[in-house]
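Proteins come first, then strands; the chains are lettered A, B, ... in the order of their sequence lines, and each starts at number 1.
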Amino acid sequence: MTQKKPLNPDVRSVYDRLLAHFGPQKWWPADSLLEMCVGAILTQNTSWSNVDKALHQLKEHGCLTLLALAAIDEQELARLIRSSGYFNLKARRLKAFVRFVIDGYGDLATMLASPFTRLRPALLAVYGIGPETADSILLYAAHQPVFVIDAYTTRITSRIGWVEAQVRYDDLQVLFMNHLPAEAPLFNEYHALWVMLGKDYCRPRAPRCGLCPLKSVCAEGRRSGAGA
DNA sequence: ATCCCGTTGG
DNA sequence: CCAACCGGAT
């Protein structure tokens, strides 16, 4: 009877608010496409400051090339990326990724130029690469218009009231892609802005709702005072 | 549902 | 001090 009102989040206006508040983020922070891919794997469930240290270690030891990563001993690699946590696991994952690129494409540029519909499933089949890591590489290195979903995006959109907290990765991704033009620069900025909001305002504990740029459009934010 | 794991922010 | 961290595999 009471048909559930189709949720129609104003995906665009929220983007505008975030952009106005934080300014352009110009992601992904990396000096090369390979560094971007490596960073995407190292940052799995790990704060970026710890990943940044690991990337510097790799640089200092000349290990931010495909051939160097292919040649280095896995234990030694694990030691270099220690600061990023899960170092044994991530060393294995980096090795798997590097082998995937070299064996399948010869070099990174060739892999990144591979058509999206073939590349995404191929990436997902690599050990240690799941949806978020695959889409990060596709968006930020291959410049494909695919929306990246992460823990921040899920937490924020569920608090706002757009989705339930247990929303599946693909469902939330479809929501964004159904409400936005398929433009890589737009998806790039939007994801980066979600991260900024999630880190500085929409935190797991003690969210700063009073200062949040989305206060007036947020289901939770409106509870803690009249939004302007 | 559990494991992987060092580092930092509240 | 202890959650949380730009997840993914088993």
Side-chain angles (χ1 to χ4, degrees), chain A residues 15 18 22 24-31 33-58 74-100 120-142 144 146-159 165-173 176 184 186-212:
Chain A
Y15 171 76
L18 292 174
F22 293 104
Q25 298 302 305
K26 299 171 182 177
W27 268 22
W28 185 289
D31 295 333
L33 295 174
L34 179 64
E35 182 179 334
M36 186 275 133
C37 296
V38 171
I41 292 172
L42 293 183
T43 200
Q44 290 168 354
N45 202 36
T46 300
S47 61
W48 183 257
S49 63
N50 294 336
V51 174
D52 202 41
K53 292 178 183 177
L55 289 172
H56 273 101
Q57 287 299 308
L58 291 175
E74 193 170 309
Q75 305 275 0
E76 173 68 4
L77 178 58
R79 196 179 67 79
L80 291 176
I81 63 172
R82 184 177 181 278
S83 70
S84 68
Y86 311 109
F87 46 85
N88 289 316
L89 201 53
K90 287 173 178 176
R92 192 153 111 85
R93 291 178 180 183
L94 286 176
K95 281 290 191 182
F97 173 72
V98 167
R99 234 180 292 118
F100 166 72
R120 190 172 194 269
L123 283 170
L124 289 174
V126 178
Y127 173 78
I129 297 187
E132 183 183 336
T133 306
D135 289 338
S136 294
I137 291 171
L138 287 163
L139 176 62
Y140 290 103
Q144 294 294 313
V146 61
F147 206 97
V148 176
I149 303 301
D150 61 10
Y152 289 139
T153 313
T154 305
R155 178 171 71 237
I156 299 166
T157 52
S158 81
R159 280 180 175 172
Q166 300 80 9
V167 64
R168 296 167 60 87
Y169 183 98
D170 300 285
D171 293 335
L172 188 48
Q173 180 176 60
F176 278 103
L186 173 63
F187 291 178
N188 179 325
E189 259 318 309
Y190 209 152
H191 172 64
L193 289 167
W194 280 135
V195 175
M196 291 304 123
L197 188 74
K199 290 173 75 72
D200 297 337
Y201 293 86
C202 202
R203 317 185 282 208
R205 300 258 214 88
R208 303 162 79 189
C209 296
L211 301 172
C212 181

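- The residue among A:Met196 and A:Val126 whose nearest nucleotide of DNA chain C lies closer to the 5′ end is A:Met196.
- One can place OH of A:Tyr86 at 15 Å from C1' of C:dT10, the figure rounded to the nearest angstrom.
- Of the two residues contacting DNA chain C, namely A:Thr43 and A:Tyr127, the nearest-nucleotide position lying further toward the 5' end is that of A:Thr43.
- Note: CD1 (A:Ile137) to C1' (C:dG7) measures 13 Å, nearest angstrom.
- Atom CZ of A:Phe87 is separated from atom P of B:dC3 by 17 Å (rounded to the nearest Å).
- Rounded to an integer number of Å, the gap from NZ of A:Lys90 to P of C:dG7 is 9 Å.
- Contact annotation: A:Arg82 side-chain N/O to B:dT7 OP1/OP2 distance is under 4.0 Å.
- A cation-pi contact, defined as under 6.0 Å to the ring centre and within 45° of the axis, is absent between A:Arg79 and A:Phe87.
- Note on A:Ser47: every side-chain N or O is 4.0 Å or more away from OP1 and OP2 of C:dA4.
- The nearest whole Å value for the distance from the CD atom in A:Gln166 to the P atom in B:dA1 is 12 Å.
- With the nearest nucleotide of DNA chain B identified for both A:Ser49 and A:Gly85, A:Gly85 has the one nearer the 5' end.
- Of the candidate nucleotides C:dG8, B:dC4, B:dT8, C:dG8 has the atom lying nearest to any side-chain atom of A:Gln44.
- Taking only side-chain atoms of A:Pro204, from C-beta outward, the nucleotide of B:dC5, C:dG7, C:dC5 with the closest atom is C:dC5.
- Using a 4.0 Å heavy-atom criterion, one finds that A:Ile129 contacts the sugar-phosphate atoms exclusively.
- Other residues, nucleotides and ligands place more than 12 heavy atoms under 6.0 Å from the CZ atom of A:Arg208.
- Across all strands, A:Ser136 comes closer than 4.0 Å to no nucleic acid atom at all (heavy-atom distances).
- Side-chain proximity of A:Glu132 to the nucleotides C:dA4, C:dG7, B:dT7 is greatest for C:dG7.
- Within the structure, a side-chain polar atom (N or O) of A:Arg205 is placed less than 4.0 Å from OP1 or OP2 of C:dA4.
- A gap of 16 Å separates the P atoms of C:dA3 and B:dT2, to the nearest Å.
- A:Arg155 comes within 4.0 angstrom of sugar-phosphate atoms only, judged by non-hydrogen atoms across all strands, and of no base.
- Atom NZ of A:Lys199 is separated from atom P of B:dG9 by 9 Å (rounded to the nearest Å).
- Between A:Phe97 atom CZ and C:dA9 atom P the separation is 14 Å, expressed in whole Å.
- Side-chain contact annotation: A:Arg93 with A:Gln44, donor-acceptor N/O pair under 3.5 Å present.
- The CG-C1' distance, from A:Asn45 to B:dC3, rounds to 11 Å in whole Å.
- Residue A:Asn50 places its side chain closer to B:dG6 than to any other of C:dG7, B:dC5, B:dG6.
- Closest approach to the A:Arg203 side chain among C:dG7, B:dG10, B:dG6 is made by B:dG10 (side chain taken as heavy atoms from C-beta onward).
- Screening A:Pro207, A:Cys212, A:Cys202 for a side chain to side chain contact (heavy atoms under 4.5 Å, CB included) with A:Ile156, the sole residue that qualifies is A:Cys202.
- A:Ser49 and A:Asp52 form no side-chain donor-acceptor contact under 3.5 Å, judged by distance and modelled atom types alone.
- Across the P atoms, B:dT7 and C:dG8 are found 23 Å apart, a figure rounded to whole Å.
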>> Does A:Ile129 form a side chain to side chain contact (heavy atoms under 4.5 Å, CB included) with A:Phe100? I'd like the steps, not just the answer.
In response: CA-CA 11 Å; A:Ile129 297 187; A:Phe100 166 72; 5.8 Å; no

